[in-house]
Amino acid sequence: MDQRQLGHSGLTVSPLCFGGNVFGWTADEATSFRLLDAFVDAGFNFVDTADVYSAWAPGNTGGESETIIGTWMKSRGNRDRIVLATKVGSEMGPGKKGLSPAWIRTAVEDSLRRLQTDRIDLYQSHWDDPETPFEDTLGAYKELIDQGKVRAIGASNLTAPRLREALEVSARTGLPRYETLQPEYNLYSREGYEAELEGICRENGLGVINYYSLAAGFLTGKYRSADDVGKSARGNGVVSKYLNERGRAILAALDEVAGRHGATPSQVAIAWLIARPGLTAPIASASKPEQMGDLIAAAALRLEADDIAQLDRASAY
Ligand SMILES: NC(=O)c1ccc[n+]([C@@H]2O[C@H](COP(=O)([O-])OP(=O)(O)OC[C@H]3O[C@@H](n4cnc5c(N)ncnc54)[C@H](OP(=O)(O)O)[C@@H]3O)[C@@H](O)[C@H]2O)c1
């Protein structure tokens with residue numbers, strides 16, 4: 001399998017990243033282990049999570065996903081073969097959120113403990129924190145990099161002006177810079193990334209690891225009518241956000257392209273992302289072992305220029 005350089009981070013990753021928000025939510029520990037085993041057995045090495053995953057599931061408090069990944073790496077003895085990305089900044093309890101140096105110093109220790117490791121390969125700011133100057137946040141990250149607890153840093157959900165500002169602060173001060181961006185991006189949600197962020201990432205050689213690659217399952221084609229909401233715990237949200245005229249046009253194009261390749265809509269939706277210049281590795285998840293075949297096959301699917309043009313047209317915004 002082709003490996004890709006993750007921007008200038010020094011990390012080398014598979015062209016698809018497994019998204020860990022399902023662990024402890026729609027995938028219990030045993031299922032999570034099977035999903036992760038299948039992923040690495042197929043030659044992939046890149047796993048993304050966050051301290052807060054999966055706090056929204058009933059009975060959870062956050063940290064469940066990191067705990068499952070940590071237990072899995074320990075039991076498989078494979079920490080050195082995994083490129084591990086996690087995040088800080090979401091609320092982990094009263095006053096426990098944001099990107100202040102004090103919270104980052106605490107949160108990183110919590111993540112390292114749950115992950116049962118001494119280092120995080122890519123530590124990302126989950127959300128912007130306008131109340132903390134970039135100098136302070138990046139200064140805290142510098143400490144962690146100097147201590148060997150973090151290898152590189154990235155940002156998620158930053159607007160274009162704020163990403164530019166963060167990069168300028170790094171250039172001016174010599175503090176570490178965000179080497180990666182994790183934006184929402186998929187065939188349905190294109191504008192937010194393509195309008196400005198994509199250009200900034202390409203100009204600055206940032207790695208791009210987009211989330212919601214399958215639009216939370218919509219681009220698999222399993223939601224075709226309102227009756228399909230029951231297909232997943234996520235069904236209601238997916239149908240209300242994506243099942244409209246434009247969404248249906250995108251599914252129709254996915255069906256056609258998939259038909260030409262003997263593939264599935266999921267595989268084509270991910271292959272379209274992998275083919276996009278400047279994009280390093282889409283993040284996608286699966287909650288059941290039988291869904292893994294599509295993720296694995298997607299990385300091997302090569303779309304033709306005509307396929308990409310058809311998908312671009314159907315998803316024009
Ligand atoms: N930075 C951020 O703010 C942020 C926000 C959101 C997500 N993320 C990252 O992105 C990752 C991916 O996000 P996501 O899981 O929400 O979205 P996704 O990758 O767009 O959707 C994946 C979901 O689609 C369904 N699916 C996958 N393969 C399938 C198949 N072959 N057939 C049928 N259904 C299939 C599964 O859900 P079902 O259980 O419904 O079947 C799976 O959990 C997360 O794990 C996280 O790492 C980051």
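For ligands, and for the atoms within them, numbers begin at 1 and follow the listed sequence.
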### Task
Indicate, as side chain, backbone, both or neither, the part of N157 found under 4.0 angstrom from ligand 1 when only non-hydrogen atoms are considered.
side chain

#### Entry: ligand 1 contact on S156 by region, counting heavy-atom pairs under 4.0 Å
side chain

### Polar atom proximity, T26 to ligand 1 (N or O, under 3.5 Å)
no

### Query
Nearest heavy atom to atom 17 (O) of ligand 1: which of Y212, Y223, F18, Y188 does it belong to?
Y212

### Task
Pick one of side chain, backbone, both or neither for how V22 approaches ligand 1, counting any non-hydrogen atom pair under 4.0 Å.
side chain

### Query
Nearest protein heavy-atom contact for atom 39 (O) of ligand 1: which residue, which atom, what distance?
S287 OG, 2.6 Å

### NZ (K222) with more than 12 external heavy atoms under 6.0 Å
yes

### Task
Looking only at distances, please establish whether an N/O atom of ligand 1 is found under 3.5 Å from an N/O atom of G20.
yes

### Task
For F39 and F44, run ring-ring contact (aromatic ring centres under 6.0 Å, His included): C-alpha distance rounded to whole Å, both residues' side-chain angles, the deciding distance at 0.1 Å, then the answer.
CA-CA 6 Å; F39 191 68; F44 299 88; 4.7 Å; yes

### Query
Between K149 and R119, is any pair of side-chain heavy atoms under 4.5 Å apart?
no

### Message
Considering non-hydrogen atoms of the protein only, which is the closest contact for atom 30 (C) of ligand 1, and what is the distance?
### Response
Q291 CG, 3.6 Å

### Query
Does ligand 1 have a heavy atom under 4.0 Å from the side chain of Q124, from its backbone, from both, or from neither?
neither

### Task
Record the part of D48 in heavy-atom contact with ligand 1 below 4.0 Å; permitted values are side chain, backbone, both and neither.
both

### Query
Do W56 and V88 sit in the same hydrophobic cluster, where Ile, Leu, Val, Met, Phe, Trp and Tyr count as joined when their side-chain heavy atoms come under 4.5 Å apart?
yes

#### Entry: Side-chain ion pair, R114 and E64, N-O less than 4.0 Å
no

### Message
For Y178 and Y141, take the angle between the two ring planes, folded into 0 to 90°, and tell me which bin it lands in: parallel under 30, tilted 30 to 60, perpendicular over 60.
### Response
perpendicular

#### Entry: For D129 against S100, the heavy-atom pair lying closest together
OD2-N, 4.0 Å

### Query
For ligand 1, is any non-hydrogen atom under 4.0 Å from L214's backbone (N, CA, C, O), its side chain (CB onward), both, or neither?
both

### Task
Run down the list F23, W25, Y211, Y53 and name the one with the heavy atom closest to atom 46 (C) of ligand 1.
Y53

### Query
Which residue supplies the protein heavy atom nearest to atom 24 (O) of ligand 1, what is that atom called, and how far is it?
G217 CA, 3.3 Å

### Query
Side chain, backbone, both or neither: which part of A215 comes within less than 4.0 Å of ligand 1 when only heavy atoms are counted?
backbone

### Query
Is ligand 1 less than 4.0 angstrom away from at least one heavy atom of K288?
yes

### Heteroatom distance test (A284, ligand 1): nitrogen or oxygen, under 3.5 angstrom
no

### Task
Consider ligand 1: state whether an atom of it lies below 4.0 angstrom from any non-hydrogen atom of K87.
yes

### Query
If you draw the axis of the six-membered ring of Y185, does the NZ or CZ of R190 fall within 45° of it and under 6.0 Å from the ring centre?
no

### Summary
For atom 41 (O) of ligand 1, the closest protein heavy atom turns out to be K222 NZ, 2.6 Å

### Message
Would a single hydrophobic cluster contain both Y188 and I308, if residues Ile, Leu, Val, Met, Phe, Trp and Tyr are joined by side-chain heavy-atom contacts under 4.5 Å?
### Response
yes

### Query
Is the closest side-chain donor-acceptor distance between S90 and W127 under 3.5 Å?
yes

